[in-house]
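We name chains A, B, ... by the order of the sequence lines, and we start the count at 1 in each one.
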There are 2 protein chains.
Amino acid sequence: MKQVEGGLRERKKLQTRAALAEAALRLALEKGPDNVTVEEIAAAADVSVRTFFNYFPHKEHAILGRNPAHLERALELIATAPAEQSPLTTMRLIVHDVLRELLDEGELSRRGELIMGSPSLLYHLMLSSMDDERQLSVALAERIGDPLRARLVVSNAGAACRIAVELHRETPDAAPADLVDAALQLLAQGLDPDYRKGQS
Amino acid sequence: MKQVEGGLRERKKLQTRAALAEAALRLALEKGPDNVTVEEIAAAADVSVRTFFNYFPHKEHAILGRNPAHLERALELIATAPAEQSPLTTMRLIVHDVLRELLDEGELSRRGELIMGSPSLLYHLMLSSMDDERQLSVALAERIGDPLRARLVVSNAGAACRIAVELHRETPDAAPADLVDAALQLLAQGLDPDYRKGQS
DNA sequence: CACAAACTTGCACTCACTGCAAATAAATAT
DNA sequence: ATATTTATTTGCAGTGAGTGCAAGTTTGTG
């Protein structure tokens, strides 16, 4: 019979993944992200280089430590949302869900600092989040039947999230969650009430 | 004496650069951007691989070929906009300005098509234009004195632009400019009127 | 215990990209 | 015109990312 969840294999995989991500982040913080090699990361996690690439497609993914579960939960949230829930509301739930976990891990600032300082990390973060956004857009478009609006909602929720984290770095007093809410509020009710198409 | 402009050396450099960019674009279109090697590009331009890297830091830069004038004009537009012009309106002018030139050059269908169709190129483009967005945000923030709103406006205008071009690829009937306007309209007047913070 | 499935690993390979030093071509001085 | 300085090209050697494959090892299952 297939073990429901707690098989040794599963646990070891999670463990290896965590060890690699942890080592990658630690080494990146110590030596700067561009001075870390996959060889070092693999060695620090006691696996072969090849195994590293079985877990992460790029070195940067390990440092970013992106959790695939987040995307899964997000898609789940979109799929199971009550019909009357407005799209931006769904996105807010998703963002808060992810944000809560990131804050719990307490690594948001450490990692964020690192990422913002490294073009290559930033690039890969965008790379992978764009892929996420694509999937979320598709899911949301199916639910609300308006591709343009779906993409805008997803894309702008993502932007709101990034900007909130960014502003939080500059003014740590403001909680990321509150900044996100402020941004979403702006988006929901109109970013620019005075906007007129014909205006010059 | 130093030649003012038309030295043989200068001309040859421009020529080599152009030949490399041209070859890169052509080969990328022919074989798909990910199936082109620097070796091929260099061979097509009749220079060594090493010389390629004297001109472009990455393979992608040769394919992308960005125009620095666009950013300059955008900053100019923000700085000289009449005080009563709403921020999103300014962004609309900027987007249309760039879009017009891209359409004129026929780049949107050649280079643009390629870029939008290739995740790797798209993200390289985003990476290199991220600095642009930062500068635009700063300029706009100074003008309207609201950093959060400024960043959201810039960031979302950028997203609207990308999404419009993307949708245009899927349904060529719709003009990019019109799609941009539709997206901005949504943003301006509220992406999600039913959004409520406390709602679940 | 035996067998199947999943995971790890080493190996050989391609490709991007860099530093260095030698060769070559162009600009300038004599 | 020729020698000299200066910029550009190039080959070469090397690092490091990332992939495919086949063999070895570990874990789950009957």
Side-chain angles (χ1 to χ4, degrees), chain A residues 1-21 23-25 27-28 31-64 66 68 118-125 127-128 131, chain B residues 1-21 23-24 27-28 31-64 118-121 123-124 127-128:
Chain A
M1 286 286 175
K2 191 179 172 187
Q3 210 78 350
V4 259
E5 259 311 305
L8 210 175
R9 206 165 242 168
E10 288 303 311
R11 268 178 290 135
K12 273 205 166 181
K13 263 177 79 172
L14 289 178
Q15 215 173 303
T16 303
R17 178 180 211 88
L20 282 170
L25 178 57
L27 289 170
K31 321 176 44 172
D34 294 335
N35 304 321
V36 189
T37 68
V38 173
E39 203 169 351
E40 291 171 307
I41 298 172
D46 259 313
V47 294
S48 72
V49 173
R50 195 63 187 76
T51 294
F52 174 93
F53 285 108
N54 289 338
Y55 282 90
F56 300 97
H58 311 289
K59 179 177 65 169
E60 286 77 9
H61 270 58
I63 301 177
L64 292 176
R66 301 192 12 112
S118 156
S120 118
L121 280 181
L122 206 44
Y123 158 75
H124 275 92
L125 178 61
L127 188 80
S128 62
D131 194 55
Chain B
M1 288 284 180
K2 191 179 170 187
Q3 210 79 351
V4 260
E5 261 310 304
L8 208 176
R9 207 164 242 170
E10 289 303 312
R11 269 178 290 135
K12 273 206 165 182
K13 263 177 80 171
L14 288 178
Q15 215 173 304
T16 303
R17 180 179 211 86
L20 282 170
L27 288 170
K31 322 177 45 172
D34 294 336
N35 303 321
V36 188
T37 68
V38 174
E39 202 170 352
E40 292 170 308
I41 299 172
D46 259 311
V47 294
S48 72
V49 172
R50 195 62 188 76
T51 295
F52 175 92
F53 285 108
N54 289 340
Y55 282 90
F56 300 98
H58 310 290
K59 182 177 64 170
E60 286 78 9
H61 272 56
I63 303 176
L64 285 178
S118 151
S120 120
L121 277 181
Y123 304 134
H124 266 272
L127 181 66
S128 74

Engineer: Roughly, in whole Å, what's the span from CZ in Phe56(B) to P in dT9(D)?
Structural biologist: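 Rounding to the nearest Å, CZ of Phe56(B) and P of dT9(D) are 12 Å apart.
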
Engineer: Measure from the side-chain heavy atoms of Lys13(B) and tell me the nearest of dT9(C), dT8(D), dT9(D).
Structural biologist: dT8(D)

Engineer: Could you go through residues 47-56 of chain B and list every donor-acceptor pair under 3.5 Å that involves a side-chain atom there, pairing it with any protein atom two or more places apart or in another chain?
Structural biologist:
unit_1	atom_1	unit_2	atom_2	d
Ser48(B)	OG	Arg50(B)	N	3.4
Ser48(B)	OG	Thr51(B)	N	3.1
Ser48(B)	OG	Thr51(B)	OG1	3.1
Arg50(B)	NH1	Asn54(B)	OD1	3.3

Engineer: In whole angstroms, how far is the P atom of dA27(C) from the CD atom of Glu10(B)?
Structural biologist: 9 Å

Engineer: So how far is it from Lys12(B) NZ to Arg9(B) CZ, rounded to the nearest 0.5 Å?
Structural biologist: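 Here the rounded value is 10.0 Å.
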
Engineer: Report the residue from Asn35(B), Ile41(B), Ile63(B) that forms a side chain to side chain contact (heavy atoms under 4.5 Å, CB included) with Leu27(B).
Structural biologist: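 By the side chain to side chain contact (heavy atoms under 4.5 Å, CB included) criterion, Leu27(B) pairs with just one of Asn35(B), Ile41(B), Ile63(B): Ile41(B).
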
Engineer: Of all heavy-atom pairs between Val36(B) and Lys59(B), which one has the smallest distance, and what is that distance?
Structural biologist: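 Distance-wise, the nearest heavy atoms are O-NZ, 2.9 Å.
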
Engineer: Could you list, one pair per line, each protein nitrogen or oxygen that sits under 3.5 Å from a nitrogen or oxygen of nucleotides 13-17 of chain D, together with the distance?
Structural biologist:
unit_1	atom_1	unit_2	atom_2	d
dA17(D)	OP1	Val38(A)	N	3.1

Engineer: Would you indicate what Val47(A) reaches in the nucleic acid, counting non-hydrogen atoms under 4.0 angstrom: base, sugar-phosphate, or nothing?
Structural biologist: sugar-phosphate

Engineer: Does Tyr55(A) place a side-chain N or O at less than 4.0 Å from the phosphate oxygens OP1/OP2 of dC7(C)?
Structural biologist: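 Answer no for this pair, as no side-chain N or O of Tyr55(A) is under 4.0 Å from OP1 or OP2.
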
Engineer: If the cut-off is 4.0 Å, is Thr51(A) near the phosphate of dT8(C), judged by side-chain N/O to OP1 or OP2?
Structural biologist: no

Engineer: Measure the spacing between CG of Leu121(A) and NE2 of His58(A) and express it to the nearest 0.5 Å.
Structural biologist: 12.5 Å

Engineer: I need the CG-P distance between Leu20(B) and dC17(C), as an integer number of Å.
Structural biologist: 14 Å

Engineer: Grab the CZ-C1' distance between Arg17(A) and dT8(C) for me, whole Å please.
Structural biologist: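 Checked: the CZ to C1' distance equals 16 Å.
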
Engineer: For the pair made of CD1 in Ile63(B) and P in dA16(C), what is the distance, rounded to whole Å?
Structural biologist: 10 Å

Engineer: Tabulate protein N/O versus nucleotide N/O from nucleotides 22-25 of chain C, keeping only pairs under 3.5 Å, one per line.
Structural biologist:
none

Engineer: Please report the interatomic distance CZ(Arg17(B)) to CG(Leu20(B)), rounded to the nearest 0.5 Å.
Structural biologist: 8.5 Å

Engineer: Between atom NE2 in His61(A) and atom P in dG18(D), what is the gap in whole Å?
Structural biologist: 10 Å

Engineer: Ignoring hydrogens, what is the shortest heavy-atom contact between Ala23(B) and Ala44(B)? Give both atom names and the distance.
Structural biologist: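 Scanning both residues completely, I find the closest heavy atoms to be CB-CB, 3.8 Å.
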
Engineer: Over how many whole Å does the gap from Asn54(A) atom CG to dT26(D) atom C1' extend?
Structural biologist: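 Rounded to the whole Å, the gap is 15 Å.
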
Engineer: Could you state the CD-P distance from Gln15(B) to dT8(D), rounded to the nearest angstrom?
Structural biologist: 14 Å

Engineer: Looking at Gly7(B), is its backbone amide N or carbonyl O close enough to the side chain of Glu10(B) to form a donor-acceptor pair, meaning the two atoms are under 3.5 Å apart?
Structural biologist: no

Engineer: Tell me which of Phe52(B) and Asp46(A) sits closer to the 5' end of DNA chain C, going by the nucleotide each one is nearest to.
Structural biologist: Asp46(A)

